[in-house]
Colleague: 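Please read through the structure below; I'll follow up with questions.
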Amino acid sequence: MEQFEPVIVAFCCHYCAYTAADTAGSQRLSYPVGVKIVRVPCTGKVDAKHLLTAFEKGADGVLVAGCLVGDCHFKDGNVKAARRVEFTKKYLEEIGIEAERLEMVRMSAGMGREFAETATAITEKIRALGPSPVKGKNCCCGKAA
Amino acid sequence: MQKKTKLQSNGSVLVVGGGLGGIRAALDLAEARKDVILVDKAPCIGGLMTQLDRTFPTNNCDLCTVAPFTAKDSRGGHLDMRGLTTVTAVKGKEGNFTVSLMTAPRFVNVEKCTACGECQRKYPECVSFAPGLDPRAPTCMRYPKATPYAYVIDMAKCADKEGLKQCCPVGAIETDALPKVEEAQCGSIILAAGAALFDPSHLDYFGYAAQPDVVTSLEYERILSASGPTGGKLLRPSNGQPPKKVAWIQCVGSRGLQKGAGAYCSSACCMFALKEAMVTRERFDSEIETTIFYMDMRAFGKDYEKYLNRAKEQYGVRLVHSRPHDVLRPVGMDKLQILYTVDEAPKHITEEFDMVVLSTGFKMNEDVKKLAEDLAVELYADGFPKTDCFNAVATSVPGVYVCGTLQGGKDIPETMTQASAASCLAGAKVAVTPRPKAELPAVTPECAGSPRVGVLVTLCDHESTALDTTALVEYAKSIPHVVCAAAFEAACDPSSFDAVKAAILANGVNRVVVAGSSPRYELEKYQAMLAPVGINKYLIEVANIREQAAWVHAGEPAAANAKAKQLVAMAVAGVMAAKPLADHVVPANKNALVVGGGVTGMTAALELAGQGAKVCLVEKTAELGGVARNLVKTIEGGDVQALIADLVEKTTSHPNIKVFTATEIVDHSGQVGLFRTGLSVNGAYKEIEHGATILATGATPNQPQAFLLGENSRVCTQLDLQKVVNEQPKEVKKWKNVVMIQCVGSRDADNPNCSRLCCQSSIKNALAILKENPNARIFVLYRDLRTYGRFEEYYQKARELGVIFVRYSVDNPPKVEAAGHYANVTFTDVIMGRQVVVSADCVGLSTGFVASRKSNEALAKVFGLPLTDDGYFAEMHVKLRPVDMDKAGFFVAGCAHSPKVIAENLTQARAAASRAMTVLANDTLVQEAKFAHVDRARCAACLVCVRACPFDVPQITVDDKGLGRSYIDPVKCHGCGTCAAECPAKAIQLNQFEDVQILSSLDQLLAKVNA
Amino acid sequence: MKSIYEYYAKWIREGKLKVSSDWNKERKVKFTIQDPCQIVRKTFGDPIADDLRYVIGKVVGEENIIEMTPNKSNNYCCGGGGGFLQSGFTEARRAYGKVKFDQIMETGADYCITGCHNCHAQVHDIGHHFGGHYSTVHIWTLICLSLGVLGPNERAYLGDDLKDVNVFHPESEH
Amino acid sequence: MTANIVSITGGKQSAFIDKVKEILPQGGNLNLCLTCGACASGCPATGLADMDPRKFLRMCAMGMDEEVTTTPWVWMCTMCMRCIYVCPMEINIPQLVFNARAAWPRENRPKGIRDSCDMAMRTETNSAMGTAPDDFKFVVEDVLAEYQEAQPEFADMQAPIDKEGAYFFLNQNSREPNTEPDELVPLWKILHLAGADWTYGSKGWAAENYCLFLADNKCWEHVTRVSAKQADDLGCKVFLNTE
């Protein structure tokens, strides 16, 4: 059987995580191709709706990648994002999606290696979990949103 | 006969040399609204960098991040650029130079030439430029994207003028053209004409003249380059086969006293070789063995040590501490033999290689030397200009400045820094020339009409070997609403952009996707470039196919190509959902905040104040002067205390500078041109407004727990040692043996980088000790002696006076033990294979610097700025924007950026001032449409946004219908989008990142892409 | 102070020495050249090494020269100089000379031309010691051979292959 | 191992290397070593007596005089100058070696070289084989006469000794007149055919200089002076080295 290649949406804040991903690129530090980056000005901008939509559309995992605590360009957007992620995790459990499929990580702009390692780690984790239960089903979660 | 006209350009700065340094200097000036004339004797700009395949430490080319800004219609008409032009005479003095400029005929009418190449095919002998290996490499256009995009003819080599003239299908060849001579007035002059490279032809033992497979580092670069003689394939010149083993030999033409070598270190070659070795393995074949034979591996720049470690550990580049005697190819043999020894044993080693690269250093360019002599600039015996020990860009002639490799061998970041510093000083001599500002393009309904998307794939082939750009373009064309797609490989060439503009107009494109490098580099550039064809800047989306596909997945082309397609599709979806927006123009604040009152901060403040800016200089401690207060003299003999006294005097008495000592930064808001910063001045709160900020907060002398430091009175740091030498000469006279240990607390796990200044400071102290006590025996235990540039000459001086330098390895560090009155230092001399014990009267530890992590973290938090892993402030682009920070309007200088010596700190201070002036020279500020807006119809005035906003921007206002609704002031909004995320009614949307945009991208991302 | 190589070359160029390599046209006897450190690297540099090659090229035919690598100013010392031959460290001297021996053998040449007596003795000795099959010959011998004036008694260092070539006054053999 | 430890205590003493530096122009750059290893990489004597030029210089720099002035390696180095040829610092290691040889008590220096030097000192011809002026004259004249007769084309050939005003002053290695006189002839023939105006000197004709190899400064200077003086006395224009 062909190895399951999870699709992971990574919401990356422009100032830290997105730049860290660029750094990983310029250092040629590879990470799985299934990890796709969506650039946001701040993780504080990432709405629960975005997270759920990602799962609804078939993402196997979602990563919210912001700045280190205290380093947020907008003071505490990353803290707010973390709260929202926690909340969304609970909701995911309720609707039958493993909470581990959603994760908040923090890194600085220079941490290219950490970005690549994180992207690899989460991919492995999701691979172990298997494809998202949403996939192949006519799931209606989030439709209401 | 020559035509002679007089230019009307009073108050210009003349920049000689259109390489990277010249471009940077000219752009800084133009952006600060000063008139500049940029001349280069070559037909196109770009200098040496255009011949490089990629440059460290990013291992990419990046020319496209600078070159487009030299386009003739950019920079408000302040920049007058002339190719094929030389300075033939200079009269006058600072403030009023008259220069004669001679422009050689190109023999090609640039307006008519279509660069079809017909003339070159029929008359290849007329092609005059010889980059790298092929004397007629593919055209005279040095790199594919030469500016301007046209041929040049060497008429002296043309035998059939008439035939040549006739062969051009558009009649662009003008065989009778004459040189044009003009005079220009200028207030100051910047020499940025670069340096020549050492020619190793006469070094028979390295076989360069005789063996095709022995090449210089620049030639190797050309072989690697997509625009080079092999079309970007790594092949042995002798037989066209790919090499399996490549060796580099360092310090060819540098660090030598015979056969024409310079005594200085060329500073860039170690990193250059590392880069070439890494690129060889990464881009061509990871099986190719790469070996660098070196004397000292000089990775002294910011984060360069990590780059070195990466080369060794991640890329498997092999480093051998040895200078080979010969590169040979015995008759009948196909491979080259290198003969060398290693430190550990007196034994010959012969190893075979397919190619050998000689890392040739910089030499003074003879043409430039002549010009410098005409200007009466004082030169060293080796031809490089003498500069002030506290001002590396100021020559002996007032008003004449130098930068880049013309001043001495250096890499790109240093060149860029010096260029900005030179432009700071040169610009101070000329006034701002007012020019009408271009109107902002209006946002019309048409620009958002039915979406017609154009896709531009802007990645150069050589940056994206993993990607098939042709297939990507074809794929893009298949996406609905995409009306045209093209690969645009001339991103570094402004004039080649005309074709793109034409395609956009012809196809009625109103939205553009740029598939290239990170939007962090591309977005602003393409916004500026596409504005003239009416593309609203917010209808441009970037697909980051370089960092996110070509580079991360370099090893898996299929995956990289599929991902690139997906990224493009996502970007198309995003741009389809985007809305056209208008920027605001607001009056800009023209004051500056300088944080840090050391020599760097004071210098930056003085330069800004001298150009009319009002400056707030904030110092945390009660006193100005910073760490430099601990220093006595520079290695060149510059009196540091006198410098500080002078700076303090000038700073405190300058009418434009307000000094706040014992002051901390407590809060900060706003954006470039409109910053607001709260200070705690001796505990009292005060708020200031400023348009730009320079961080010059320095670094902290390291005090590691090692070698009995702090436990044994014989052991001290170099800073302490310097004090003892200065204050207790009698004590020093008693010393018999002194040992210095380098890299204590640097280049280790805790502090991985090199502190850069320790090698020269130990040599400085050694020389000072010997001055007091010529009979003292001094041992310097080192890992790599990093006396780059002219510091090498002090290293030589120290050896001459008997200082013994002993190399140690991290696996076998020296030991220091208390031994009664002495400290016994035990170390191994690998060359003798013996242990040596020295009973030392004094052990000086080169403890270097560490980032002031705590205070940097606090500042980074307040200002919202990124730090590097080791706690220094991170610049925007390590190579091309070394003093700019990611956040517009912020600049960094001095040890806050990374440790360096005083002169370098001051250069950076001037560079930061120059960069800050490009902001402060503007009366108005274009404010990006990056703010949240409220749909008042949906708003329930629930106050969630009011509570959520980190900056207290939303307010509930009552409209004319008496309804209370949230209002977000666009000028105050920072654009984080937290309110939009939290708003329960989804009444708030953030410009550029509206839900519909994000969701469209997500839709596309998760739709199956069948590549 | 001049080296005689310079004059050999000068005299050939001026036509005073009418040398010819015809004798070796068919034979194709191969020669390699040991540049003496003393004359080349230490005193006159590459120009004298080029003179030497010019002379030898004229005398044996350019196509019959096989160079050792390295050569000229960067040549590898044979180990005969500096008094090494008389110093008594025979084993060390031969170990030193082994590289030179290998270089000569690598060329496959029948003769190693030496201009200096120390080189001559050392190259001769290592050839003998390590079992080489080349002969070691002075340049003057070959010049006279190519001039057709080399008598039977002046051929001590020529191998058997050249003992009978172009013999001048064969009857004078003693 | 401990016996091998180099112990550095107390004040600096003038070392062997310092004395050599005083003799050489610019101190021979002896202090400037970058320890790059280019010399050792190319030195044919690398590895003999567990030594190489870099190590030798290093030991000198560390003041290990005892060892550097007794190692037999200095007699295995031919002073061929491959080291200084490529040394970035142009360090005069050959002269350092020469002076290390000179630091040996004369009686301890290699007998073969010493005897040759002593022999040369005994006669004005400089011949390391002790050939006296008259013996040389006899051999030259005898061989010349033989060839003039046996090869009539060379009946006019000359091999002058002490010809005043000759253009070239020639030297000759002692081996030919002593052990293989026939080997003298090809050179004479060449000079004859080229029409060269040349002469040997009855004094100082011998080309070898073992006193130089012996690092016996007084003697080699003497030997050299004898040759030079003879050439000057005869009014020769060019001192022509035949090897």
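The structure presented is a predicted model; accordingly, all values stated were derived computationally and were not measured. Residue numbers start from 1 in every chain, and the chains themselves are labelled A, B, ... in the order their sequence lines are given, proteins ahead of strands. Values below: all heavy atoms of this structure, side chains included; hydrogens, waters and symmetry mates excluded.
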Colleague: Between atom CG of D326(B) and atom CZ of R82(D), what is the distance when rounded to the nearest 0.5 Å?
Modeller: 4.5 Å
Colleague: Measure the shortest side-chain to side-chain distance between T9(D) and Y822(B) over non-hydrogen atoms and say whether it is less than 4.5 angstrom.
Modeller: no
Colleague: How far does CD of E800(B) sit from NZ of K21(D), to the nearest 0.5 angstrom?
Modeller: 9.5 Å
Colleague: May I have the step-by-step check of side chain to side chain contact (heavy atoms under 4.5 Å, CB included) for T341(B) and R54(D), ending in yes or no?
Modeller: CA-CA 10 Å; T341(B) 49; R54(D) 170 172 61 171; 3.8 Å; yes
Colleague: So how far is it from T46(D) OG1 to I349(B) CD1, rounded to the nearest 0.5 Å?
Modeller: 11.0 Å
Colleague: Between the side chain of R255(B) and the main-chain N/O of M89(D), is any donor-acceptor distance below 3.5 Å?
Modeller: no
Colleague: Measure from the side-chain N and O atoms of R799(B) to the backbone N and O of N29(D), and report whether any donor-acceptor pair falls under 3.5 Å.
Modeller: no
Colleague: Could you look at M51(D) and say if it's the side chain, the backbone, both or neither that has a heavy atom under 4.5 Å from chain B?
Modeller: backbone
Colleague: Please state whether the side chain, the backbone, both or neither of F56(D) comes within less than 4.5 Å of a heavy atom of chain B.
Modeller: neither
Colleague: Could you state the interatomic distance from CZ (R323(B)) to SG (C39(D)), rounded to the nearest 0.5 Å?
Modeller: 11.0 Å
Colleague: With rounding to the nearest 0.5 angstrom, report the CG to CD distance, N31(D) to Q796(B).
Modeller: 11.0 Å
Colleague: Between Y795(B) and L34(D), is the side chain to side chain contact (heavy atoms under 4.5 Å, CB included) condition met? List the steps.
Modeller: CA-CA 10 Å; Y795(B) 175 30; L34(D) 289 161; 3.5 Å; yes
Colleague: Checking I91(D) against chain B: side chain, backbone, both or neither under 4.5 Å from a heavy atom?
Modeller: neither
Colleague: Tell me, side chain or backbone of D18(D) under 4.5 Å from chain B's heavy atoms, or both, or neither?
Modeller: neither
Colleague: Whether the side chain of D52(D) engages the backbone of K347(B) through a donor-acceptor N/O pair (distance < 3.5 Å, no angle test) should be reported.
Modeller: no
Colleague: Against Q835(B), only a single residue in N4(D), V6(D), I5(D) fulfils side chain to side chain contact (heavy atoms under 4.5 Å, CB included); can you say which?
Modeller: I5(D)
Colleague: Calculate, to the nearest 0.5 Å, the distance between atoms SG and CD1 belonging to C33(D) and I804(B) respectively.
Modeller: 10.5 Å
Colleague: Top residue by heavy-atom pair count (under 4.5 Å) with chain D, among V342(B), N775(B), D343(B)?
Modeller: D343(B)
Colleague: Mind checking salt bridge (Lys or Arg N to Asp or Glu O under 4.0 Å) for D382(B) and listing every partner two or more places apart, or none if nothing turns up?
Modeller: R790(B)
Colleague: Say whether, by atom type as modelled, one donor and one acceptor occur between the side chain of H348(B) and the main chain of C43(D) under 3.5 angstrom.
Modeller: yes
Colleague: Can you give me the closest heavy-atom contact between P324(B) and A38(D), atom names plus distance?
Modeller: O-CB, 4.2 Å
Colleague: Could you check whether any side-chain N or O of K259(B) sits under 3.5 Å from a backbone N or O of V86(D), counting only pairs where one atom can act as donor and the other as acceptor?
Modeller: no
Colleague: So do the side chains of K55(D) and D829(B) get within less than 4.5 Å of each other, counting heavy atoms only?
Modeller: no
Colleague: Less than 4.5 Å apart, side chain to side chain, heavy atoms only: is that true for C251(B) and P88(D)?
Modeller: no
